[in-house]
Amino acid sequence: MIFTIENIASMVLGGVAAGMVLFIVSVGLSVTMGLMGFVNLAHGAFAMLGGYIIVLSMRHLGVGFIPALAIGFVMTAAVSIVFERVLYSRLYKAGELDQVLFTIGLAFVFIAALTVFIGPENQPLTLPPELRGQLDLGIVQYRTYSIFLIIVGVAIVIALWLGFERTRFGAQIRAAVDNRRMAESLGINIDRLFAITFGFGSGMAALGGGLGAEFLGLDPQYALKYLVFFLIVVAVGGAGSIVGVFCASLIIGVLDFVLKKYLPQGGTLFIYALTILLLLWRPQGLFGKPS
Amino acid sequence: MSAPTVFDHPAARALSRRHRLRWWEPLPWILALAFYFMFPRYLGFGTELLIMVLFAISLDLALGYAGIVTLGHAAFFGAGAYTVGMLAHHGIWNEPISSLFIGAAVAAAIGLASGLVLLRTTGLTLLMLTLCTMALLEEAANLGHDWTGGFDGLTGISIPPLFGLFEFNPLFPKTQYLYVLGALLICFVFVRTLVYSPFGHSLTGIRENTLRMHAVGAPVRTRLVVCYTISAALAGIAGGIWAQANAYVNLSTLGLDRAATVLIILVLGGYGRLYGAFVGAVAYMALSHFLAKVYPTAWQLGLGFLLVTIALFARGGIIGLGETLMARLRPKLKPKPPS
């Protein structure tokens, strides 16, 4: 009775939409970890910053949704490149502990700054009228915005995959992930590569922060609230692998959605247990390269 | 005239003396006792502070000495707290000191079981696994309403008087303060002995160069697991005392907040230094106690800047800064041992 086609379809759609947001936010984190070996716990803070820029520019400057996403991407990427050049780059050779402390501290600073300047309350995202309401898909009627998220997510993963696998820059990133010193001695400008990749990853996080604000909410605690989920996605998918992050996001998005519906009590417990088991079986994640 | 032996070498003498008591080492204990007599109104705060010192020392053993970077140490604090709390609340066992041993045993069992599997990994995977283990326990405590009180926790835990004489009064925590101080002293002496023992040296070796320790034939994994288990037991004691002193247990004992707090305390004071836990806890708790209540946001902002500064410029924490300063002030008092 519960498992009608409509039910299954709507659960899959909802889960996949949530998974797409997870993917868009986490892909930058995964590349940063894979490429630079940097444990960036402030990634959620950049997603939050982007979300704020997107929501507030729509509300106060009257910008449309899509232009606001672009503004959020560019501004967050610019800010994060400054941070990368001035601060992060000093800690590439440091141990994980220093990186963890530095980035948790940075997340605290972001949280406190947003609380002071904008306020502790949730900032709701106002969707444009075209994206509200339901869309008839034949089998099932579903929320237009979720369909929009899925389309955007698929477009992004294809674009990223092409960029990663088929462009010169992508090849340079892959080379640096595999063997940083060798790539450097071949004349690849690693500093520039790191800065651009970091900025791009933070920009993607900003997009995710804005796109997901509708169901994840957007308040100053965002920076740490969902961090564990982003980290799980990266660890499960394997740091540095775009396909890995995509699969992990979909699995966790759908699992979380289904479990919240049918097992609202123990759902999260199940995801944590599954993550532990998977990491014990494959410490490098599903698609990561063994170190 | 006997020829100088290898034992007369300054390096050998420094090594053979490094475990001896320094003149300033009784100071923290004298200060802690003085606090008891001078600030009877702040004993609740003092109790909380000493508990955090004990918790930070347990983390120092794992993080500072063995170099196990964990984000989930509150799992053991919470395990100890919940064990003591649940035993007392359900009327099974509530004698304070033996309860602490049970709490420590449960925490150690969880440390051993998780350590056996987690410590195969390093880096990001280890961070994630410790974090997930803690989150798993927190969720389990949240779900097991009947036993753990779920989200509300267990309140009104009654603890019989210590040795049948000294009443635990949550409003006037004289007994708690001295009780924690005593437990802290015992645990500290134990940890101090441990880190200066050959076992402790091998932990430092593993932290500094795991590969070389493998090469010289040290049982690296076993050492790490044993260290992790001991560290978990100590954290369990800290958690158990927390439950007894406050007469309640809730999910805050198990969360990321507590794990982050103890990490910050240890790093602020200086990790791998034994006394970093004391300095860090005093600095952090005093600041948070007086600042956080007045300006909570400014406190978080300040804490954030502090962490960034420590990670970038002062990796030894406050004690490390002090050492650097001392070394600059009197560079000639400590001649370098001839190489």
Side-chain angles (χ1 to χ4, degrees), chain A residues 33-34 37-39 41-42 45 86-88 90-91 94-116 120 220 224-225 227-228 231-232 234-236 239 265-280 282-285 288 291, chain B residues 63-64 67-71 114 116-118 120-145 150 207 256-257 260 263-264 266-268 271-272 295-313 315 317:
Chain A
M33 282 191 182
F38 199 100
V39 184
L41 299 189
V86 178
L87 299 171
Y88 278 72
R90 293 162 179 265
L91 286 171
E96 289 132 26
L97 181 63
D98 289 319
Q99 298 175 348
V100 163
L101 291 172
F102 167 72
T103 50
I104 285 188
L106 206 58
F108 280 167
V109 172
F110 272 73
I111 292 173
L114 283 182
T115 312
V116 172
L224 293 176
K225 204 177 355 177
L227 185 67
V228 178
L231 285 169
I232 286 180
V234 173
V236 166
Q265 291 287 305
T268 335
L269 190 78
F270 188 69
I271 290 185
Y272 291 137
L274 214 61
T275 308
I276 293 176
L277 288 179
L278 185 112
L279 287 182
L280 291 175
R282 279 181 75 88
Q284 74 274 26
S291 55
Chain B
L63 177 83
I68 303 167
V69 182
T70 162
L71 275 182
S114 62
L116 274 175
V117 284
L118 302 194
R120 291 162 195 265
T121 63
T122 52
L124 172 66
T125 317
L126 179 61
L127 267 178
M128 284 309 301
L129 282 172
T130 53
L131 194 62
C132 280
T133 312
M134 181 177 71
L136 195 72
L137 281 182
E138 191 184 2
E139 273 297 308
N142 188 16
L143 290 178
H145 301 280
R207 180 193 70 201
L256 182 60
D257 271 357
L263 187 66
I264 293 169
L266 182 60
V267 167
L268 182 62
Y271 56 97
Y295 309 105
T297 318
W299 160 239
Q300 199 172 29
L301 190 70
L303 191 62
F305 277 122
L306 198 66
L307 281 177
V308 170
T309 317
I310 288 178
L312 286 174
F313 306 112
R315 295 189 187 162

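These numbers come from the heavy atoms of this one structure, side chains and all, not from hydrogens, waters or symmetry mates. In what follows, chains carry the letters A, B, and so on, assigned in the order in which the sequence lines appear, proteins first and then strands, with residues in each chain numbered from 1.
Residues B:Leu263 and A:Leu101 form a side-chain contact, since some pair of their non-hydrogen atoms from C-beta on lies under 4.5 Å apart.
Only the side chain of B:Val69 comes within contact range of chain A, with at least one heavy atom under 4.5 Å from a heavy atom of that chain. Residue B:Thr122 does not touch chain A at all, counting heavy-atom pairs closer than 4.5 Å. With a threshold of 4.5 angstrom between heavy atoms, B:Leu71 approaches chain A through side-chain atoms but not through N, CA, C or O. Contacts of B:Leu126 with chain A are absent, with no heavy-atom separation under 4.5 Å from either backbone or side chain.
Of all heavy-atom pairs between A:Val109 and B:Phe305, the closest is CG2-N, 3.7 Å. The two residues B:Leu301 and A:Ala113 make their nearest non-hydrogen contact at CD1-N, 4.2 Å.
One distance of note links CG of A:Leu277 with CG of B:Leu129; it measures 10.0 Å at 0.5 Å rounding. Once rounded to the nearest 0.5 Å, the distance linking CD1 of A:Ile104 with CD1 of B:Ile264 reads 6.5 Å.
The side chain to side chain contact (heavy atoms under 4.5 Å, CB included) search around A:Thr275 returns A:Ile232, A:Val236, A:Ile271, A:Leu279, B:Cys132, not counting sequence neighbours. B:Leu136 meets the side chain to side chain contact (heavy atoms under 4.5 Å, CB included) test with A:Leu269, A:Tyr272, A:Ala273, A:Ile276; sequence neighbours excluded.
Counting heavy-atom pairs closer than 4.5 Å to chain B, the top residue among A:Leu97, A:Val228, A:Thr115 is A:Leu97. Here B:Ala135 is the residue among B:Gly302, B:Ala135, B:Ala260, B:Ala140 with the most heavy-atom pairs under 4.5 Å with chain A. Ranked by non-hydrogen atom pairs under 4.5 Å with chain B, the options A:Leu231, A:Thr103, A:Leu106, A:Val100 are led by A:Leu231. When each of B:Leu306, B:Leu131, B:Thr121, B:Val267 is checked for heavy-atom pairs under 4.5 Å with chain A, B:Val267 comes out on top. Put simply, of A:Leu87, A:Leu224, A:Leu280, A:Val116, the one with the most heavy-atom pairs under 4.5 Å next to chain B is A:Leu280.
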